[in-house]
Trainee: 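One structure, as structure tokens, below. Some questions next.
Values below: every heavy atom of this structure, side chains too, minus hydrogens, waters and symmetry copies. Lettering follows sequence order; numbering is per chain, from 1. Remember, predicted model here, so these are calculated numbers, not experimental data.
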Number of protein chains: 2
Amino acid sequence: MGRNAHFNNEQFVDAALKIAAGQGPAAMTIAAVAREVGAPVGSVYHRFLSRDMLLAEVWLKVVSSFQEAFLQALQKGKGLDAALHTPRWVRQYPAEARILLLYRREELAAGDWQDDLKERVLRIKCTLEDGMNDYVKRAFGKAGREERNRTVYALIDVPYAAVIRYIRQGVKPPRDVDDYIRQTYSAIMGREK
Amino acid sequence: MGRNAHFNNEQFVDAALKIAAGQGPAAMTIAAVAREVGAPVGSVYHRFLSRDMLLAEVWLKVVSSFQEAFLQALQKGKGLDAALHTPRWVRQYPAEARILLLYRREELAAGDWQDDLKERVLRIKCTLEDGMNDYVKRAFGKAGREERNRTVYALIDVPYAAVIRYIRQGVKPPRDVDDYIRQTYSAIMGREK
DNA sequence: CATATATTAGAATATAAATTCTAATATGTC
DNA sequence: GACATATTAGAATTTATATTCTAATATATG
């Protein structure tokens, strides 16, 4: 029943992602997204309650993309592999990387998210946190504040630091960054078993 | 000649800095700045050509503040000291740190800056670059691409990585971060002479 | 083939903020 | 003390975008 759709949700999310990654979230206006897709603005609002909701979908897509492979490495107990996931992922998904690493969620969509979305964000966040805690416990035998901080630094913050400069420049991180991450990893976490 | 001023440029820049640091650059509206100072919006425009110009002044103030002590350490050949400057500065100037490390210049003021301002930004940028190059040359005997990248990583990117999590949370970086920076420094740059 | 309705279509409206404009006010100088 | 002018004052205007609204359109279903 009803007319066939010319467009689908994914097209709008992808267009929004592309624009936000390329020109910053402020440039991601509804009109710009509609233009990119070739749709009228009404069709955007037919599918998304508001601009914030659209950006929320972008955010969720980006975070999920990153986190999946990261958590897999973690669950296998491969800390160094997890640390090296960041430069790999950044090379593979440059637009997504710009969104995830250049902006904070609050900048993307400041407004009130529906409970639905808050729930999804929370679930993703908890999944990451649980994965980290498990890993820390296995690696150190316990998961105190210092052990957790140290692990977050080596597996997340350092890889981020190593690539952020290149993301800003809009170029792929050179191979050197993998070496820096490796060297830092063994300095902070010790040699991998 | 003429009426005495009730306000001065610095008051507006400081108010803008405070608002941008606390609620993000988007919240730094002219009206908000005027309200914070207790001045009419006309007085803001009397002193600053546009919102972008005001944000540019904020940016310059913040960058200069950071760079001064950093370059001093660098000129003394104290690489580790320069690396540890970041957490020190972040603890001392939390608002400035939020601006510098949470946002990029382009987000703050995207528009066309006057030549005057472009010039000042360029000078600051070059000063930093020259300081880094000199340091690299002294530390490694030469300043090739790899040596520069390595140094930028250890002196700038890693300290940034170590503190960014706490800046986002709005709390002072704990003492641990200095240890992480030290350990990473000797792993990447070798023990300091 | 008639009809209900999902979807497209885009014009109209609302809103928020930047910027401009005109007037009022002090104060140093003659 | 009168005047020129730097500055305050804040109302009016413009602009950019989000959002709403009304109408048109196509298609699955009976």
Trainee: Can you tell me if the side-chain N/O atoms of A/S43 get under 4.0 Å from OP1 or OP2 in C/dT7?
Mentor: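 It does not, given that no N or O in the side chain of A/S43 lies less than 4.0 Å from OP1 or OP2 of C/dT7.
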
Trainee: Picking from C/dT19, C/dA6, D/dT27, which would you name as closest to the side chain of A/R3?
Mentor: C/dA6

Trainee: From CD1 of A/I30 over to C1' of D/dT20, roughly how many Å is that when rounded to an integer?
Mentor: 13 Å

Trainee: Below the 4.0 Å mark, does D/dA28 have OP1 or OP2 next to a side-chain nitrogen or oxygen of A/N4?
Mentor: yes

Trainee: Whole-Å distance between D/dA18 C1' and A/M28 CE?
Mentor: 10 Å

Trainee: Rounding to an integer number of Å, can you tell me how far A/N8 CG sits from C/dT7 C1'?
Mentor: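 In whole Å, C/dT7 C1' lies 13 Å from A/N8 CG.
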
Trainee: Within this structure, what is the CZ-to-C1' distance between B/F48 and D/dT8, rounded to whole angstrom?
Mentor: 15 Å

Trainee: Could you state the CE-P distance from B/M53 to C/dT20, rounded to the nearest angstrom?
Mentor: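 Answer to the nearest Å: 12 Å.
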
Trainee: If you define the side chain from C-beta out and look only at heavy atoms, does anything of A/E36 sit under 4.5 Å from A/F12?
Mentor: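 They are not in contact (no side-chain heavy atoms under 4.5 Å apart), so the answer is no.
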
Trainee: Measure from the side chain of A/V41, starting at C-beta and using heavy atoms only, and say which of C/dG28, C/dG10, D/dT8 lies closest.
Mentor: C/dG10

Trainee: Counting only side-chain heavy atoms from C-beta out, which of D/dT17, D/dA28, C/dA9 sits nearest to A/T29?
Mentor: D/dT17

Trainee: Once you round it to whole Å, what is the distance between P of D/dA26 and NE2 of A/H6?
Mentor: 8 Å

Trainee: Can you confirm whether B/D179 sits close enough to B/R175 that some side-chain heavy atom of one is under 4.5 Å from a side-chain heavy atom of the other?
Mentor: no

Trainee: Counting heavy atoms from C-beta on, name the nucleotide in D/dA18, D/dT7, C/dG28 closest to the side chain of A/R51.
Mentor: D/dA18

Trainee: Which listed nucleotide (C/dT20, C/dG10, D/dT8) is nearest to the side chain of B/Y45?
Mentor: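 Within the option list, the nearest is C/dT20.
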
Trainee: For A/H46, which contact category applies under a 4.0 Å heavy-atom criterion: base, sugar-phosphate, or nothing?
Mentor: base

Trainee: Quick one: do A/R88 and A/D178 make a salt bridge, cutoff under 4.0 Å?
Mentor: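 No, A/R88 and A/D178 are not salt-bridged.
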
Trainee: Atom CG of A/D52 and atom P of D/dT17: how far apart are they, to the nearest Å?
Mentor: 16 Å

Trainee: Rounded to whole Å, how long is the line connecting atom CG of B/L49 with atom C1' of C/dT19?
Mentor: 10 Å

Trainee: Do B/K125 and B/V63 touch side chain to side chain, with heavy atoms closer than 4.5 Å?
Mentor: no

Trainee: Where the side chain of A/R47 is concerned, which of C/dT19, D/dT20, C/dT8 is the nearest nucleotide?
Mentor: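 That would be C/dT8.
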
Trainee: Find out whether the Lys NZ or Arg CZ of B/R104 is both under 6.0 angstrom from the six-membered ring centre of B/W59 and within 45° of the ring's axis.
Mentor: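 No, B/R104 does not lie over the aromatic ring of B/W59.
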
